[in-house]
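Below: one structure, written as structure tokens.
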Amino acid sequence: MKPVGDMQARLARLRGVLHAEEPGARGIERVARNPACTRLRALTMVSITPATAVKNVYGETVFEGQSPFALAAGNRFEEDLFASGAAKLLELYVSAGRLEAQECKVVVVPDHDRPLQAGPGRKQSIQRNMALRRNLTRQFLTLKLNGDPRAPNIIIKPRLSVSLLGVEHDIEPDALVSADSERFYRPVEVKSYPDRAGKTDLTDIRSACRQAAVGVVALRSAVDNLGLLNHDEIVTAMADLVLKIPGYSAGSLRPMTLSGEVDSLERALNEAPRNLEELEALLADITRNATLSDSKILDSIPNNYLPECREYCALALHCKQEAVSSGNPVLLGKRASEELAAAGSLGRTLDLLRSREQPARTEAEEILQAELQEVFHDYQEVLNGR
Amino acid sequence: MKKDGKAQIQRQLGLLAKKQLEAAEKFQAVLKDANATPSDIEGLAREQGRLASRQAQLIATLRVVNLEAPDQFGAYDVASAQRPLREQVLDVLEVIGVPTSPRFVSQFAAIRYGSSLPIARFASLRRDEERGYTKDPTSRPAWVVPAINALGLVAMPRIVASSAWKPEFRLIGSRTLRINHLRCILAVLTAGDELRKIDEHRFEQLVTFAFQYSQSIIGTPAPGDTPDVERIREAAQAELTRIEPADIEDRLAAAEKLERLPGAMQFWGRPSVISEAVGRVGGHLA
Amino acid sequence: MAVELSLMARLLAYEQRRSQPMSSHRLVAIRSDAQVLSVLAMAGEDTTIHMAAFGELGAKPSLRSVPDPRVRDAQYQLFGWIGERFENYFRKCRAAGTYPQIWVSSSAAASHLDTLADRLRFNKNNAEVRHFGELLTYCTERFPIAGQQTLQTATSALNLHWTTGQDQSEDEHLLTLLTWLNPPVDQNLLAAVANAERVPMGVKTDPDFDRDVLLPLVISYNESRRAGASQAMLDVKAQLIHNALEPVVIPIYKATQRAIATVANIARPPLPGLIDLEHREAEEFASFMEARDRGYYLPLRDSAKLAAFRLTAREDAIQNTEAAILIGDRMYRAAGRHRGLVVRGEVLDRSRSRLAPRRFRYEFSLSTVQRVLRIRLRDELQWADDPRLRVIVTDINRNGRLTFIRFEILSGQRSIGLPEIGNVLEMIPSTPDWGRLIRERGNLKTKLGVTPWTHAQGEIPALPVRRAPDDPLAAVEALR
């Protein structure tokens, strides 16, 4: 493995004038949603968020962000669950029969943070606290793996690492939970999304599950680092979602199986560019000393715009503009992009439909043209009242 | 509304004025531009309208701010008036009897004594206390100190305790957070008992406070039910009886180790050693 | 065929930078007494209404807001205010033997009302609020039923009739749809659509607006309230919040009204099946109100038995609505043809064979050039032009681009008879059956008289021992 300092220097060089920001579980999950988007992958790898890229690289307005009311409500819900030694979270688990009343060993990792220094030493004291959190988390995980009875049943805000493309990124799952009789922990994802049972918003559930899956991957990596190789058995692909009961401050507990999410995340993390070397080579192909803070360079890295990108990526609008410029069929939906693949662009599709410009160049284009003209004829027939 | 609010609105008005100026310049420019479309002109005119409406809104708010009563941070009663924050915190901690979060200290103080202990000031209080102790440990009879983690004897600065307590009462073992939560509820109920005949209003507030905190205890009244002080007390006590003995043993063992540490570390914890090598399965903790 | 009619419409809308028609008929009923409701919720607070705009079709709205919807008493007053309007409207509809119709902007608004209904109808503190919750429940429980006419969203009404040149997931924004329908003459359409997208059209205000405008006002109000400020000052501050929210809710209300007017003025005849759908709606409403009078409880979660009934009702509604649209709307029928659900072909031959005295078999064949066909042997189809002609598929034979399908007539032999050779027929899978639900309910009542062991408490019952057949293969063959 390369020395950490060297790697940091290389990442800083790729970032150009931009500062590093931790992507967190949300950022890593974002990459897994669109594994074919090399642009997003490259940015995440060097710790630049899409919002920063939009604002500072392209100089465009970021239409992303949460209402302060929503943020406050979310924070209040989380604080309430974790207050007084996570009393409410504990009660959820005891009521659900997942923990016995005596299994009330709770540790709140950020409670150990040292006071922050003011002035220039502030950044350093933050880094020190983060290292302290990592250290404590590792201690608690070790206790559990050693079967020590002092191992906590609930760890609030542990700090774990995920290796994204060869670069370590820290994440803080909301909590980890394990009964005394269980071999190891499972992640807990707390979201203030309203739990409406069968009517709960599927997008909300999917996004929460994907973030929880990042926690599973991070736990597996932690187990690996602690010298145990059969991590799949120790850390099962499961997590608990704690959602908000609408109109109350109480939460609900929903155990979720995440095999699909974990697999897709692991697959996504293995897509090219898989490591820093590959990313450097990709940029070097564009130009020497290329950095991601240069808008031209960033535009040269292929993206993969999908209509759902707007749900999670601040770059969506910029990428959509590119799709508009090139007449990408995905503008009409993913299905259109598959069905019109033979033509490649909306412009060419319309040429085929109207028999303009060059005739069909391939057999696939010829079939598409026949289909288009037939459907068009039927459509016109209905419009004309026949 | 605080003075800050007024200053903030004035600052916002200043920023707005700049934007209005820029918008007006752009509007002038586009009017002179022969290629400008009606939509361009309309867009800029709309922007000016938006800024003007925002300005009117801010001015209206400013007017309201000026109408407001003088600053008021909450009622002070005789017991808490004019006493330094550290002393008030120590007093409240004595009543609660166990290490707890600044939020709980602040809420309890507000309901029980009507005093305001802003949570935001606890961070600087912690720093001042540590600095004061380092300078002269004997200058005060007691200090506001952090709780100590029984596992590694490191400080937990987000949980406050009193240095006057025995070490085992400042230590946080594996179940102590839960035990302290239950003890806090019992302390609130006891404080309520004292107030029952003196101040009916505060007594009710304390019961409601204890009721809200007790929702996580099995056997207490459910939300929406009438708060029943005795049921809450019994449920908390019953759980304590089940989980406290083993935890006290752990803490006593840790207290012995703590007492062997140099003076300052007994109150402020061992320095956190950050070692990347810590934590190998099969190994032992430091 | 891969390319479907809806995709063609989308492609043409993209080319012409304007929405394209997607129906030949008007597919939703618009009641003249319908009410339009636009609400704004506070972000992160799922059971609140910060401001409501309520009004009749084409009328200006009545507005009501609360300074902070997290303050319960004021929020209840607002719920009470809307509840009173619902109550009056529902009473009028009941007296007239019709049904209520509430229009909202989008499915986000409908979903918000659903969350509110689930919460408010169990309110223990305020009877008015609880009653409002119950009335709202009627609308939100009708919402997922196909073909319902009670809770209408402007976006789905527009999407039923027109197609835009963008991805379907972008069609839930009302102002975007209206921009596609009436493109600006002096601006690039896609730029106008991008601008339109930034205008809130659901139930949440813009996060930037929340941060820069609403939050300071709400904080200021709450500080004054906590500090015991005079009522006059609180009123001034509440008015500021009202003034800030009004420019957000009014465009949503206006856009909803515009969408309704667009659909109402559509130059297409109403779908023939709409009368039946409205009739069903009035029946459901009468039944709901009667249940209210009798004090029946509205559960949050259905019991297994109730769920079975409701699932059946939903399935029935889907089948009937799809059938009604397929038979009544030429565009949807053409789309069905491209999806292979509808068969159009030319009659090749016909025959009448005698089976017994006064018993005949009527058969005919169709040839079709459709690339996609989703029919199988023994499927039953009906003639779209006169559904009394009901046939069963007895043979399917594909030869190059042509497919030959043989039918036997099941009913309509006398009233319609065998089709003429050379005629072009369009065969559809089914027609609406408005009596089916009552029959199904009767069957379910009998079957669920005893709760099946799958949903009952207790042990799994022992299966009766049955002797295995001597020749299992022959037994399977016998089933064919």
Side-chain angles (χ1 to χ4, degrees), chain A residues 63-77 192-194 196-199 201 244-248 306-308 310-311 317 320-321 324 327 329-336 338-340 342 346-347 349-350 353-354 367-368 371-372 374-376 378-379 381-383 385-386, chain C residues 1-5 7-15 20-21 23-24 42-48 70 111 114-116 118-120 122-123 144 164-170 190 194 197-198 204-211 214-215 218 300-301 329-331 333-335 337-338 369 371:
Chain A
F63 296 102
E64 199 193 50
Q66 236 183 329
S67 159
F69 294 112
L71 275 175
N75 291 343
R76 211 168 41 240
F77 177 59
S192 59
Y193 305 144
R196 305 197 57 220
K199 295 188 207 167
D201 192 331
K244 189 169 177 284
I245 297 176
Y248 295 93
L306 299 172
E308 58 264 31
R310 60 176 57 225
E311 283 174 24
L317 278 182
K320 187 180 174 182
Q321 278 308 315
V324 169
V330 80
L331 289 170
L332 303 189
K334 274 204 274 192
R335 184 143 186 210
E338 283 165 20
E339 288 173 3
L340 308 178
L346 291 173
T349 306
L350 289 165
L353 172 67
R354 307 284 186 201
I367 295 170
L368 178 64
E371 282 183 9
L372 285 168
E374 194 177 323
V375 180
F376 178 71
D378 277 7
Y379 183 69
E381 216 179 57
V382 179
L383 284 188
R386 276 172 283 158
Chain C
M1 184 173 300
V3 178
E4 287 186 5
L5 207 70
L7 176 56
M8 176 52 63
R10 246 172 231 288
L11 188 63
L12 295 174
Y14 173 83
E15 182 192 34
Q20 297 295 305
S23 75
S24 63
M42 182 178 263
E45 305 291 339
D46 305 293
T47 50
T48 60
R70 293 167 297 187
S111 169
D114 190 27
T115 310
L116 276 174
D118 277 356
R119 174 90 173 90
L120 300 186
F122 300 107
N123 191 300
T164 62
Q166 60 187 6
D167 176 57
Q168 207 173 353
S169 64
E170 294 167 311
L190 297 183
E197 269 179 357
R198 287 179 204 144
K204 301 275 169 69
T205 42
D206 179 59
D208 289 340
F209 167 83
D210 283 359
R211 189 175 48 245
L214 200 54
L215 184 67
V218 172
L300 182 62
R301 310 260 179 268
D329 190 279
R330 292 190 308 278
M331 188 69 84
R333 203 190 300 169
R337 213 161 52 232
H338 287 285
V369 290
R371 292 172 203 239

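In what follows, every chain begins at residue 1, and chains take the letters A, B, ... in the order their sequences are listed. Keep in mind the model is a prediction, meaning the values are calculated, not measured.
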Test item: [X] and [Y] side chains (from C-beta on) under 4.5 Å apart, heavy atoms:
X: C/Met8; Y: A/Leu353; result: yes
X: A/Glu374; Y: C/Arg371; result: yes
X: C/Pro21; Y: A/Leu383; result: yes
X: A/Arg335; Y: C/Leu7; result: no

Spacing of [X] atom [atom1] and [Y] atom [atom2] [to the nearest 0.5 Å]:
X: A/Lys320; Y: C/Asp167; atom1: NZ; atom2: CG; answer: 8.5 Å
X: A/Leu71; Y: C/Leu215; atom1: CG; atom2: CG; answer: 10.5 Å
X: A/Glu308; Y: C/Glu170; atom1: CD; atom2: CD; answer: 10.5 Å

Choice from [options] maximising heavy atom contacts with chain A below 4.5 Å:
options: C/Gln166, C/Arg198, C/Gln168, C/Arg10; result: C/Arg198
options: C/Thr48, C/Asp210, C/Thr164, C/Thr47; result: C/Asp210
options: C/Ala43, C/Ala9, C/Gly44; result: C/Ala43

A/Leu350 portion near chain C, given a 4.5 angstrom heavy-atom threshold: side chain

Part of A/Leu340 lying under 4.5 Å from any heavy atom of chain C: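 Contact with chain C is through the side chain of A/Leu340 alone.
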
Considering all heavy atoms of both residues, which atom of [X] and which atom of [Y] are nearest to each other, and what is their separation?
X: A/Arg196; Y: C/Asp118; value: NH2-OD2, 2.6 Å
X: A/Val382; Y: C/Arg330; value: O-NH2, 3.7 Å
X: C/Pro207; Y: A/Pro68; value: O-CD, 3.9 Å
X: C/Tyr14; Y: A/Val324; value: OH-O, 4.3 Å
X: C/Thr115; Y: A/Pro246; value: CG2-CB, 4.1 Å

Proximity breakdown for [X] and chain A, heavy-atom pairs closer than 4.5 Å:
X: C/Asp206; answer: neither
X: C/Leu214; answer: both
X: C/Arg301; answer: side chain
X: C/Glu197; answer: side chain
X: C/Leu5; answer: both

With chain C as the partner, which of [options] has the greatest number of non-hydrogen pairs under 4.5 Å?
options: A/Pro194, A/Gly198, A/Gly74; value: A/Pro194
options: A/Phe77, A/Tyr193, A/Phe376; value: A/Phe376
options: A/Ser67, A/Ser192, A/Ala336; value: A/Ser67

Test side-chain contact (heavy atoms from CB on, under 4.5 Å) applied to C/Val218 and A/Phe69, step by step: CA-CA 10 Å; C/Val218 172; A/Phe69 294 112; 4.0 Å; yes

Residues A/Lys244 and C/Asp46 bridged, charged N to O under 4.0 Å: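 So A/Lys244 does not pair with C/Asp46 through a salt bridge.
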
Residue C/Phe122 excluded, over 12 heavy atoms near CZ under 6.0 Å: yes

Pairing residues for C/Arg119 by the salt bridge (charged side-chain N to carboxylate O under 4.0 Å, His left out) criterion, not counting sequence neighbours: none

With C/Glu45 via salt bridge (charged side-chain N to carboxylate O under 4.0 Å, His left out) - residues at least two apart: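 For C/Glu45 the salt bridge (charged side-chain N to carboxylate O under 4.0 Å, His left out) partners, ignoring immediate neighbours, are A/Arg76.
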
